[in-house]
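Position 1 is the first residue of the sequence, and the numbers go up from there.
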Amino acid sequence: MTTPIQDLLSAFDGHDVDAVRAALDAGADACSPIRSKLPVNYLLEEYTRSDRLGECLRLLFAHGAVLPDPALVPVLLDDADAIKAAVKATPSLLAHRTSLVSSFTSLIGVTLLHVAAEYGNVNAAR
């Protein structure tokens with residue numbers, strides 16, 4: 001028998017939104033470290049790249065998870081309107097540098113555009 005935390009980590013592989021929701025509902029803690037790493041970091045470090053990442057992140061955020069760099073939130077949620085609003089409110093975000101562990105690309109000291117290129121799914125024509 002698996003634990004809710006094991007189910008949560010398994011659900012991250014493939015961005016299984018329903019399984020993430022079920023694990024959180026069963027008691028998996030979105031805020032407590034698992035082997036010294038936060039659940040949100042496990043999700044972001046997965047090899048999977050899909051348009052379901054944003055929904056998985058939203059579930060974690062709804063259960064109290066936070067990112068160390070809040071500027072990443074609209075980018076990782078692939079929310080074009082929120083990105084536009086954030087840049088309008090804080091134009092310096094265009095030059096903001098951040099670091100994020102990624103399975104495929106080094107994202108150390110990169111701009112938010114680099115993060116968007118790695119994780120985003122927004123249709124550029126919008």
Item to check | Listed once per pair and sorted, the ring-ring contact (aromatic ring centres under 6.0 Å, His included) pairs that draw on residues 35-57, sequence neighbours left out | outcome: Tyr47-Phe104
Next on the checklist: When you measure from the side chain of His63 to the backbone of Leu59, do you find a donor-acceptor pair of N or O atoms at a distance under 3.5 Å?
Outcome noted: yes
Next on the checklist: Restricting to non-hydrogen atoms, name the atom on Pro39 and the atom on Ser32 that form the minimum distance, rounded to 0.1 Å.
Outcome noted: CD-O, 3.3 Å
Next on the checklist: Quick check for you: to the nearest 0.5 Å, what is the distance between Leu8 atom CG and Leu60 atom CG?
Outcome noted: 6.5 Å
Checklist entry - In Å and rounded to the nearest 0.5 Å, what is the CG to CD distance from Leu113 to Glu118? => result 12.0 Å
Next on the checklist: What I'd like to find out is whether the side chain of Arg21 reaches to under 4.5 Å of the side chain of Asp18, using heavy atoms alone.
Outcome noted: yes
Checklist entry - Sub-3.5 Å donor-acceptor pair from the side chain of Tyr119 to the main-chain atoms of Leu44, do we have one? => result yes
Checklist entry - Within a strict 4.5 Å, meaning less than it, do heavy atoms of the Ile34 and Asp29 side chains meet? => result no
Checklist entry - Would Val20 and Asp7 count as a side chain to side chain contact (heavy atoms under 4.5 Å, CB included) if you check the C-alpha gap in whole Å, the side-chain angles of each, and the deciding distance to 0.1 Å? => result CA-CA 8 Å; Val20 169; Asp7 293 339; over 6 Å; no
Checklist outcome for this item: All heavy atoms of Val17 vs all of Cys56, minimum pair found to be CG2-SG, 3.9 Å
Next on the checklist: Please find the pair of heavy atoms, one from Gly109 and one from Ser99, that lie closest to each other, and give the distance.
Outcome noted: N-OG, 2.9 Å
Next on the checklist: For the backbone of Leu93 and the side chain of Thr90, can you confirm whether one donor and one acceptor N or O come within less than 3.5 Å of each other?
Outcome noted: no
Checklist entry - Can you tell me if Asp51 and His15 form a side-chain donor-acceptor pair at under 3.5 Å? => result no
Checklist entry - Mind checking whether Leu112 and Leu94 sit in one hydrophobic cluster, side chains of I, L, V, M, F, W, Y counted as touching below 4.5 Å? => result yes
Checklist entry - Heavy atoms, side chains only, cut-off 4.5 Å: are Leu67 and Val40 in contact? => result yes
Checklist entry - Do you know the tightest heavy-atom contact between Thr2 and Gln6? => result CA-OE1, 3.2 Å
Next on the checklist: Just by distance, no angles: are the side chains of Glu45 and Ser103 close enough, under 3.5 Å, to form a donor-acceptor pair?
Outcome noted: no
Checklist entry - Given the rule in the side chain to side chain contact (heavy atoms under 4.5 Å, CB included) test, do Ile108 and Val101 qualify, once you have shown the distances and angles that lead to the verdict? => result CA-CA 8 Å; Ile108 307 302; Val101 175; 5.6 Å; no
Next on the checklist: Has Arg52 got a side-chain atom pairing as donor or acceptor with Arg49's backbone, closer than 3.5 angstrom?
Outcome noted: no
Item to check | Beyond-backbone contact of Leu9 with Arg35, side-chain heavy atoms, under 4.5 angstrom | outcome: yes
Item to check | Side chain proximity check, Val115 to Leu72, heavy atoms < 4.5 angstrom | outcome: yes
Next on the checklist: How close do Pro4 and Ala23 get, counting heavy atoms only, and between which atoms?
Outcome noted: O-CB, 3.6 Å
Next on the checklist: Is it the case that the side chain of His114 and the backbone of Thr111 share a donor-acceptor pair, with hydrogens and angles ignored and the cut-off at 3.5 Å?
Outcome noted: yes
Item to check | Separation of Lys84 NZ from Asp79 CG (nearest 0.5 Å) | outcome: 10.0 Å
Next on the checklist: I'd like to know if the side chain of Ser102 reaches the main chain of Leu107, judged simply by a donor and an acceptor atom lying under 3.5 Å from each other, with no hydrogens or angles considered.
Outcome noted: no
Next on the checklist: Could you measure the distance from the OG1 atom of Thr98 to the CG atom of Asp69? Nearest 0.5 Å is fine.
Outcome noted: 3.5 Å
